[in-house]
2 protein chains.
Amino acid sequence: MSQTVDRALSILPLLAEGPADLGQVAERLGVHKSTALRLLRTLHEHGMVYRQSDQRYRLGARLIALAQEAMENLDIREIAHPHLVRLNEQCGHTVHLAVYEEDEVLYIDKVESRYPVRMYSRIGKPVAITVAAVAKLLLADLPEAERHALADKLEYPLYTARSTPNAPAFLKELERVSEQGWATDLGGHEESINCVAAPVRGADGRVVAAMSVSAPNVVVTAEELLALLPQVRRTADAISGEYSGRTPAKDPV
Amino acid sequence: MSQTVDRALSILPLLAEGPADLGQVAERLGVHKSTALRLLRTLHEHGMVYRQSDQRYRLGARLIALAQEAMENLDIREIAHPHLVRLNEQCGHTVHLAVYEEDEVLYIDKVESRYPVRMYSRIGKPVAITVAAVAKLLLADLPEAERHALADKLEYPLYTARSTPNAPAFLKELERVSEQGWATDLGGHEESINCVAAPVRGADGRVVAAMSVSAPNVVVTAEELLALLPQVRRTADAISGEYSGRTPAKDPV
DNA sequence: AGGTGCGTTGCAGTATGTGCAACGTCCATT
DNA sequence: AATGGACGTTGCACATACTGCAACGCACCT
């Protein structure tokens, strides 16, 4: 809606790919160098971009700090965390918490496995939306129209032979997940990694978050991991209960 | 430099304090509601803000994802990580990596303690700049003019009785740190937590990052922690060596 | 019904952002 | 050393695109 702001914000994902100089930014924005310069300067004043010693721009520290605050403001994370830790203490595997927001699913908390083999994933990282167990739960709860629209819009990268191949398969899987109330990802993202996930629901029954336990084949088989399902569901339900009991977070006066 | 972008970006830290509705945003920006609406819409299109069910705005998922990418692009983090993990395996305590950027010091990596007592800190979180051991190392290396200007600009919150009280004390401490080549924080931030830190240097000898080992009094005494100094310095030097040896990261074609 | 608070829309005026062209600087090349 | 090119930077005139206003719609409350 606002051209100037629109252009300025378009610079950020561009820089996320890697550092770029003024000319590159101007070219990719399709504007004159002087225009790009002024936008970058404004972004710089706010600490959103940083000018490194070779004069090129990259994303700045304030951006990272802001994102940090954004996550700390999510009350679901705060409530869930101790539960995730407890589950990790019981089973030893990696535990994730994820939320859905406008076409993206992202991890907002993680407790590392106590086994030597660690998974590659990070808080704040967008999830492989078409295969991850937590993503299935979050999307399965969307209103039908939105769910279909999103499924059509998505791409279906074939990470492995068991990745969800296309929209119809995905929608079918979502329905199955919706009925059974839990989800799995058996090697759909990385060949040797399996996950079991359960939904966290708000007072109105809508899914507000999803949590999962993940472990590589070399540690436990898929069957052994599935045996943890009751524990995972109990944990998710406990979080749901605590979350529903509270009044939604208000501003601190 | 660009008024519109400037205003739009000013919304973000404002929302970082907590969700806000249109009226509040407009008021705090000092602009008309319709103006604020257009800015918020533009931010929304880019996923930087999210409109929750009660119509209020809060920071959005794309912001978090961007920050994530920003950190993954920091080559120093990538190089340092395995070293941090190794140090953690040796000593068991929490290990941090931090960088300085335009008046802020922030953690860019962390390996959790293997003792049951965990520290409160998070990747991406700005560091208590006047007391943290890593901050001392990073600031001690700034050009004198910049260092003095910054020291004057800072605030000196008294977290504990041992917090750095004011600019002169801070500058004196920085000189000491600069000479000895390492730094400590002995209960300056939280009464019972101590840290030992060492600098990571680039090929030109400038400090590009700093790493620290932290542990609460209940686990080890300050003296015991200080005994780890040689190990910490060795680790930091190893990272420095590897970082200097490499050509600075270029765009992947 | 009537009133209040909030988000939203269309519009006219002009402040504000835009592209241009020229300049300075640094680096590579001859 | 001298020349050329690439890149960031500046000042300026133009008109686009942003602003604030006022009116509207809507939901909620009394």
Side-chain angles (χ1 to χ4, degrees), chain A residues 1-12 14-15 17-60 101-102 143 203-204 206 247-251 253, chain B residues 1-12 14-15 17-60 101-102 143 203-204 206 247-251 253:
Chain A
M1 284 251 110
S2 165
Q3 188 187 67
T4 319
V5 177
D6 185 43
R7 285 172 169 173
L9 293 178
S10 302
I11 293 177
L12 300 178
L14 191 153
L15 290 184
E17 297 170 21
D21 61 34
L22 178 63
Q24 294 171 324
V25 171
E27 191 190 7
R28 291 203 45 185
L29 276 190
V31 301
H32 198 267
K33 278 189 304 177
S34 59
T35 304
L37 180 66
R38 246 167 312 112
L39 297 176
L40 280 165
R41 277 224 248 265
T42 311
L43 288 168
H44 181 97
E45 274 174 25
H46 285 259
M48 303 293 283
V49 305
Y50 176 66
R51 193 143 199 207
Q52 37 187 36
S53 44
D54 63 355
Q55 294 245 87
R56 293 190 305 168
Y57 296 89
R58 62 169 175 74
L59 296 179
E101 186 181 311
E102 320 219 22
D204 55 0
R206 293 288 308 274
T247 56
K250 296 291 177 197
D251 301 351
V253 180
Chain B
M1 286 250 106
S2 164
Q3 189 189 67
T4 318
V5 177
D6 186 44
R7 285 172 169 172
L9 293 178
S10 301
I11 293 177
L12 299 178
L14 191 154
L15 291 184
E17 295 170 21
D21 61 32
L22 178 62
Q24 294 170 323
V25 172
E27 191 190 7
R28 292 202 45 186
L29 276 189
V31 299
H32 197 268
K33 278 189 304 176
S34 58
T35 305
L37 179 67
R38 245 166 312 115
L39 297 176
L40 281 165
R41 282 225 181 110
T42 311
L43 288 168
H44 181 95
E45 273 174 26
H46 286 259
M48 303 295 283
V49 306
Y50 176 65
R51 194 147 199 204
Q52 37 187 37
S53 44
D54 63 354
Q55 294 244 84
R56 293 191 305 169
Y57 295 90
R58 61 170 176 73
L59 296 179
E101 185 182 311
E102 322 220 21
D204 54 1
R206 292 289 307 276
T247 55
K250 296 292 178 196
D251 301 349
V253 180

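Chain naming here is simple, since letters A, B, ... match the order of the sequence lines and numbering starts at 1 in each. Remember, predicted model here, so these are calculated numbers, not experimental data.
M1(B) places its CE atom 12 Å from the C1' atom of dT16(C), with the value rounded to the nearest Å. Rounded to an integer number of Å, the gap from L29(A) CG to dT18(C) P is 10 Å. Atom CZ of R56(B) is separated from atom C1' of dC6(C) by 14 Å (rounded to the nearest Å). Rounded to an integer number of Å, the gap from L22(A) CG to dT25(C) P is 18 Å. Whole-Å rounding puts the D54(B) CG to dG7(C) C1' distance at 14 Å. Residue L40(A) contributes atom CG, which lies 12 Å from atom P of dT18(C) at whole-angstrom precision. A straight line from CG of L37(B) to C1' of dG7(C) spans 7 Å, rounded to a whole angstrom. In this structure, E27(B) atom CD and dG5(C) atom P are separated by 14 Å, rounded to whole Å.
Taking only distance into account, the side chain of S34(A) meets the base of dG19(C) through a donor-acceptor pair shorter than 3.5 Å.
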Applying salt bridge (charged side-chain N to carboxylate O under 4.0 Å, His left out) to D54(B) and R56(B), what does each step give before you reach the verdict?
CA-CA 6 Å; D54(B) 63 354; R56(B) 293 191 305 169; 2.9 Å; yes

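Using a 4.0 Å cutoff to heavy atoms of chain B, the contacted part of DNA chain D runs 5' to 3' from dC18(D) to dA22(D).
Two residues, G30(A) and K33(A), neighbour DNA chain C, and the one matched to the more 5' nucleotide by heavy-atom proximity is G30(A). Annotation: of the two residues near DNA chain D, H32(B) and G23(A), the 5′-most nearest-nucleotide partner is G23(A). Of the two residues contacting DNA chain D, namely T4(A) and R41(A), the nearest-nucleotide position lying further toward the 5' end is that of R41(A).
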Just list the side-chain donor-acceptor pairs under 3.5 Å for residues 35-44 of chain B, sequence neighbours left out, or say none.
residue: T42(B); atom: OG1; partner: S2(A); partner atom: N; Å: 3.1
residue: T42(B); atom: OG1; partner: R38(B); partner atom: O; Å: 2.9
residue: H44(B); atom: NE2; partner: E102(A); partner atom: OE1; Å: 3.3

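Of all heavy-atom pairs between S10(A) and D6(A), the closest is OG-O, 2.7 Å. For the residue pair E101(B) and L59(A), the shortest heavy atom distance occurs at OE2-O, 4.4 Å.
Going from the P atom of dC12(D) to that of dT16(D) covers 22 Å, rounded to whole Å.
Residues meeting the salt bridge (charged side-chain N to carboxylate O under 4.0 Å, His left out) test with R28(A), sequence neighbours left out: E17(A).
Remark: the backbone N or O of S34(B) is paired with a side-chain donor or acceptor of H32(B) at under 3.5 angstrom. No donor-acceptor pair closer than 3.5 Å links the side chain of E27(B) to the backbone N or O of Q24(B).
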